[in-house]
Amino acid sequence: MMENYLELLELAKTYSMEYIEKISEKKPFPSKSEIQNLEIFDQPIAQNTMDEKDVLRQLHKYGAAGTTAQNGGRYFGYVNGGLLPIAHAAEWLVDTWNQNTALYTMSPTASKLEEICEKWLVDLLGLKKGTVAGFVTGSANALLCAFLAARHDIFKKKNYDVRIEGMRNAPKMRVVTGSQTHATVKKALSIIGIGENDIEIVPVDNNGSILVDQIPTLDESTLVIIQAGNVNGGGFDAINEICDMANQVGAWIHVDGAFGLWAQTSKKYNYLTKGIEKADSCSMDAHKTLNAGYDSGIVFCKNRHSLAEALQASGEYLQFGENRDGMQYVTEMSRRGRAIVLWAVLAQLGKDGVEQLINKLCEHTDYFANNLKNIGFKLVCPVSFNQFMIKCDSEEKTNNVLSYVQNSGICWCGGSRWQGESVIRISVCSESTSKKDLDQSLSVFESAFNLT
Ligand SMILES: *Cc1c(COP(=O)(O)O)cnc(C)c1O
C-alpha cells in the first residue's frame, strides 16, 4: 500500500517536472486538437475502480495539454500570475500535509504561519499595526469579506445588528464606486443585498481613474470602493485624496488592489498607492503579481473586530482559543493551507525580492509597450503599472491583430472594450517572462500589424 503511494507520488513528480521542463516550448493557449482531445474525459463515471497510475497518465497526457501556459513567459492574458519555484515546491508540502486551516486545533502550523503572514504583509504594505488579514481564495472573496465587515459596521452605528435582524428592515446603506469598478465588486455587493441600481456610480477619466470632483457627498452610512489598478488599463484611483474625503465623514473606504496594491512594496511605484494606510479595508491577490500560485487572496481590515464580528460563526463544537483561528476572518470554514505557501514565498523573497519582482514586471511592461508603439500600435492610456491596452487605427485591424496573436501559438493576450472600442489587453504578470520572451512576442505583433 505504502509502496504504491510512493510510486504514485514519484510518477506525479516525473509528470510535473516534464511539464515544467517543456513550459517554454508549450503553446500559451492549447491548439484545437489539444482542446478536442479533452473530450476523452466526457464519459459516464466508471463502475469499476481504475488503476491510480492510469488516472495520472490520463491527466498528464490530455489534461496537461489542455492547459494554458501561465507559468511560461508568453501568456499575457487577464491578470494571471505565474508560479515561483518556491511557491510550487511549498505547495507540494502543503498538499502532503493536507491541513484544514479553520481552527488552531486543526493545524498549529497553519495558524502560526497565518499570523506571521499577517504581520509581514502589514509591515510590507505599511498598513496600520493591528490590521487583520484573512486568507481567502482570491480578491472576489476578499471583497465579499470586506463588504460584510463594512455593512456590519455601518449598521452597528445605527444600533442595528444585521446578523440578528437580517436585511428586511435594515437601515439605508449607500455604496459609491467608479464606473470602471471590477465585475467582482458588483457581484460581492449583490451577495450582501446591494443591487446595481443601489450603487452610486462615479464617472472616470480616460485612464479609468475616478474623477474625484464628481464623488457625491459622502456620509457615515456610505461604503466607498476605489481601486489600485484597473483591470484593463492599470490605472489607479487617487487613494490618498479619496480616503481623506471618506475619513472626514466616517464613511467606510475599501481599496480593491487585486494586483496593483503590490505597488506599495516598491519605492519606484509606491506613489501610486500613497495613503493606503488610511483605508478601512483593502484586498489583494498573491496569485497575481506575487506569482505565489492559485488560489491565494487576502482581505485586510483595519479594525479586527469589524471583520471577526461580521463573519462570526458559532457552534458547540467550534471552540475558539487564544491562538489564531483562521476561520474567524473568512467566509469559509474548512480551507487549505494557502498561507503556508504564502509564507514560503515571502520568506524566500524578503522585502528586496518582492520589490525586485514588482520592478521587473513593470520594467518588462514598459519595454513591451514602448516597442509596440514603435511598431505602430497606439497606447490607449499611459502605462502606470504592469497592465496596458493597445489599439490600431481601425477597430477591424485591432480585432484582426488580436486573432492573429491568439492563433500564433507563440504568445497570448485577451481583448476587451474600452470606451466603446475594441482593444487588446496586455498583462505582464509572470515572473518567468524574459527579454527573449518579450522579443519573440513583439515579433508576432509586428507580423500581425504588417499582415492585417
Ligand atoms: C482579478 C481582480 C479581481 C478578482 O480577483 P480574483 O482573485 O480573480 O477573485 C478583483 N479586482 C481586480 C481589480 C482584479 O484585477
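None of the values given here were measured: they were computed from a predicted structure. Sequence positions, counted from 1, serve as the residue numbers for this chain. Whatever order the structure lists them in is the order used to number ligands and atoms, beginning at 1.
Remark: ligand 1 atoms within the under-4.0 Å shell around heavy atoms of Phe259 are 15 (O). Shown in contact with Lys288 at under 4.0 Å from a heavy atom are these atoms of ligand 1, numbered in order with element: 1 (C), 2 (C), 3 (C), 4 (C), 5 (O), 14 (C), 15 (O). Close approach to His287 involves these atoms of ligand 1, each under 4.0 Å from a residue heavy atom: 7 (O). Residue-ligand proximity, Gly138 to ligand 1, at heavy-atom distances under 4.0 Å covers atoms 7 (O), 9 (O). For ligand 1, the atoms lying closer than 4.0 Å to a non-hydrogen atom of Ala258 are 2 (C), 3 (C), 10 (C), 11 (N), 12 (C), 13 (C), 14 (C), 15 (O). Within ligand 1, counting atoms from 1 as listed, the ones closer than 4.0 Å to a heavy atom of Gly229 are 13 (C). For ligand 1, the atoms closer than 4.0 angstrom to any heavy atom of Val231 are 15 (O).
The cationic group of Lys373 does not satisfy the cation-pi geometry with Phe368, failing either the under 6.0 Å distance to the six-membered ring centre or the 45° limit from the ring axis.
Salt-bridge formation is not detected for the pair Glu91/Arg338: no Lys NZ or Arg NE/NH1/NH2 atom is positioned less than 4.0 Å from an Asp or Glu carboxylate oxygen.
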| task | Please lay out, stage by stage, how Asn80 and Tyr75 fare under the test side-chain contact (heavy atoms from CB on, under 4.5 Å). | result | CA-CA 8 Å; Asn80 286 352; Tyr75 183 89; 3.7 Å; yes

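Side-chain N/O atoms of Ser403 and Gln406 include no donor and acceptor closer than 3.5 Å. In this structure, a donor-acceptor pair under 3.5 Å is absent between the side chains of Thr365 and Asn386.
The single protein non-hydrogen atom nearest to atom 5 (O) of ligand 1 is Ser139 CB, 3.1 Å, given as residue, atom name and distance. In this structure, the protein non-hydrogen atom closest to atom 11 (N) of ligand 1 is Asp256 OD2, 2.8 Å. Nearest protein heavy-atom neighbour of atom 7 (O) of ligand 1: Asp285 OD2, 2.7 Å. Of all protein heavy atoms, the one lying nearest to atom 9 (O) of ligand 1 is Ala140 N, 2.8 Å.
For the pair Trp120/Lys351, no side-chain contact is recorded, criterion being any heavy-atom separation below 4.5 Å from C-beta on. Counting only heavy atoms from C-beta outward, the side chains of Leu290 and Leu357 approach each other to under 4.5 Å.
Around atom OH of Tyr78, no more than 12 heavy atoms belonging to other residues, nucleotides or ligands sit under 6.0 Å away.
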